[in-house]
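Written below as structure tokens is the structure these notes are about.
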Amino acid sequence: MDSILSLDDGRWLHPTAESCSPVVTEPREDFLQSLNIKQPLPPPVLAQVHPERACIPHSKVADPRPGPAKSSHDSGHGPTTFQHLHIPVKMMEDFLRLASVNTRKNLETCGVLAGSLKNRVFQITTLIIPKQESTSDSCQTLNEEEIFEVQDSLSLFSLGWIHTHPSQTCFMSSVDLHTHYSYQIMLPEAIAIVMAPTDTESPHGIFHLSDPGGVSVIRNCQERGFHPHEEPSDGSPIYEHCSHVYMNANMKFDVLDLRER
């Protein structure tokens with residue numbers, strides 16, 4: 001206080017209008033403005049500068065409307081003619097039953113579709129449920145060496161994968177697209193099955209990346225987690241319903257639940 005009072009030259013008790021305005025009002029306004037500019041509240045600024053970094057609804061991290069199934073004659077870009085792939089009719093029902101405990105807890109469940117090639121037709125003969133960690137919108141396999149050991153011992157190879165969307169609609173998220181890319185570059189016929197029991201309009205879907213458009217987009221994408229993708233340069237959807245898949249009522253299949261080991 002002594003150091004402040006020592007600055008009094010006698011005019012503090014009798015301020016004039018001229019001295020009040022510049023000394024009290026304007027500096028205070030400038031001071032407040034400087035605070036607003038130099039020390040903004042972090043959340044609003046981040047939201048304005050990086051609007052896409054906010055929580056993105058999963059229905060927007062990929063086109064929730066997959067492209068229609070195309071025959072090999074429809075593609076004008078056409079490198080690929082897919083071999084037919086057969087799925088046992090009851091396999092998806094059995095998978096939902098095995099996933100029901102997680103589904104009731106709003107947790108995803110995933111499985112590997114394994115099989116063989118017979119008479120130029122891929123056949124899914126084994127559903128493998130690996131050990132896994134799940135959330136409401138993700139599923140991470142554990143101890144993947146067990147999957148390889150099982151497939152090797154039974155002379156099977158991966159034909160795709162299956163997973164649930166326990167409370168979401170039936171679509172491929174950006175994480176799903178990146179996961180499926182690793183299957184499709186190994187085998188162009190590989191499929192991704194999404195089971196969405198709460199989606200009354202589309203409770204399941206069988207998808208793959210469009211080729212070459214969708215495959216190229218994911219190959220060149222370095223992002224991780226949930227994120228939006230640009231559309232393929234050829235105008236095709238990034239992923240689409242499969243046209244080479246058939247439901248086979250006569251096929252038998254095995255279920256290997258590695259979670260119980």
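- In this structure, CG in Asp137 is found 8.5 Å from CG in Asn106, a value given to the nearest 0.5 Å.
- Hydrophobic clustering of Ile, Leu, Val, Met, Phe, Trp and Tyr side chains at less than 4.5 Å, counting indirect connections, keeps Met92 apart from Tyr183.
- The distance from atom CD1 of Ile206 to atom NE2 of His204, rounded to the nearest 0.5 Å, is 5.5 Å.
- Taking both residues in full, the closest heavy atoms of Pro88 and Phe253 are given as CB-CD2, 3.5 Å, listed atom of the first, atom of the second, then distance.
- With contacts defined as side-chain heavy-atom distances shorter than 4.5 Å, the pair Leu113/Leu127 qualifies.
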Query raised in the report: Going through the distances and angles, do His241 and Phe207 end up as a side-chain contact (heavy atoms from CB on, under 4.5 Å)?
Result: CA-CA 5 Å; His241 289 280; Phe207 307 113; 3.3 Å; yes
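- The neighbour count for Glu145 CD, taken as heavy atoms of other residues, nucleotides or ligands under 6.0 Å away, is above 12.
- Looking only at distances, a side-chain donor or acceptor of Gln132 sits under 3.5 Å from a matching main-chain atom of Pro130.
- Under the 3.5 Å distance criterion, the side-chain polar atoms of Ser216 are left unmatched by any main-chain donor or acceptor of Pro212.
- Across all non-hydrogen atoms, the minimal contact from Ser202 to Cys170 is O-CB, 3.0 Å.
- Heavy-atom minimum distance, Met251 versus Ile124: CE-O, 3.2 Å.
- Nearest heavy atom pair, residue Val112 against residue Gln151, reads CG1-OE1, 3.6 Å.
- Hydrophobic clustering places Ile185 together with Val217 (ILVMFWY residues linked when any side-chain heavy atoms are closer than 4.5 Å, directly or through intermediates).
- Ring centers of His244 and Phe122: at least 6.0 Å apart, outside the cut-off.
- Under a 3.5 Å cut-off, the side chain of Asp234 and the backbone N or O of Ser236 do form a donor-acceptor pair.
- The two residues Cys110 and Cys139 make their nearest non-hydrogen contact at SG-SG, 3.0 Å.
- Put simply, CE on Met195 and CG on Leu96 are 3.5 Å apart, with the number rounded to the nearest 0.5 Å.
- To the nearest 0.5 Å, atoms CD1 (Ile147) and NZ (Lys131) are separated by 10.0 Å.
- Annotation for His178: atom NE2 counts as buried by contact number, over 12 foreign heavy atoms lying within 6.0 Å.
- With hydrophobic clusters built from ILVMFWY side chains whose heavy atoms lie under 4.5 angstrom apart, Val215 shares a cluster with Met186.
- Phe148 and Ile129 are assigned to two separate hydrophobic clusters, defined by single-linkage of ILVMFWY side chains at heavy-atom distances under 4.5 Å.
- Inter-residue side-chain proximity for Met172 and Val194 is flagged as met; some heavy-atom pair is nearer than 4.5 Å.
- Within the model, atoms OG1 of Thr169 and CG of Asp199 stand 5.5 Å from one another, a figure rounded to the nearest 0.5 Å.
- At distances below 3.5 Å, at least one donor-acceptor pair connects side-chain atoms of Ser153 with backbone N or O atoms of Val150.
- The closest donor-acceptor contact from the side chain of Ser210 to the backbone of Pro237 lies under 3.5 Å.
- When side chains are defined from C-beta on, Phe95 does not count as touching Val255, because their heavy atoms never get closer than 4.5 Å.
- With Ser174 contributing its side chain and His227 its backbone, the two residues share a donor-acceptor pair below 3.5 Å.
- Thr164 places a side-chain N or O within 3.5 Å of a backbone atom of Thr109 that can act as its donor or acceptor partner.
- In this view, Lys90 satisfies the salt bridge (charged side-chain N to carboxylate O under 4.0 Å, His left out) rule with no residue, not counting sequence neighbours.
- Contact record, Arg259 with Leu98: NH2-O, 3.4 Å, taken as the closest heavy-atom pair.
- Under the 4.5 Å side-chain heavy-atom criterion for Ile, Leu, Val, Met, Phe, Trp and Tyr, Leu187 and Ile128 are members of distinct hydrophobic clusters.
- Ring-centre distance between Tyr239 and His208: not below the 6.0 Å cut-off.
- Contact annotation: the side chain of Met91 approaches that of Ile193 to within less than 4.5 Å [non-hydrogen atoms, C-beta and beyond].
- Of the possible polar contacts, one joining the Asp176 side chain to the Ser173 backbone as a donor-acceptor pair under 3.5 Å is found.
- The closest side-chain heavy-atom distance from Ile191 to Ile87 is below 4.5 Å.
- To the nearest 0.5 Å, the span separating CD on Glu108 from OG on Ser136 amounts to 7.5 Å.
- Thr103 is not listed as a side-chain neighbour of Thr198, based on a closest heavy-atom distance of 4.5 Å or more.
- Using the six-membered ring where Trp is involved, His163 and His165 have ring planes that are perpendicular, over 60° apart on the 30 and 60° scheme.
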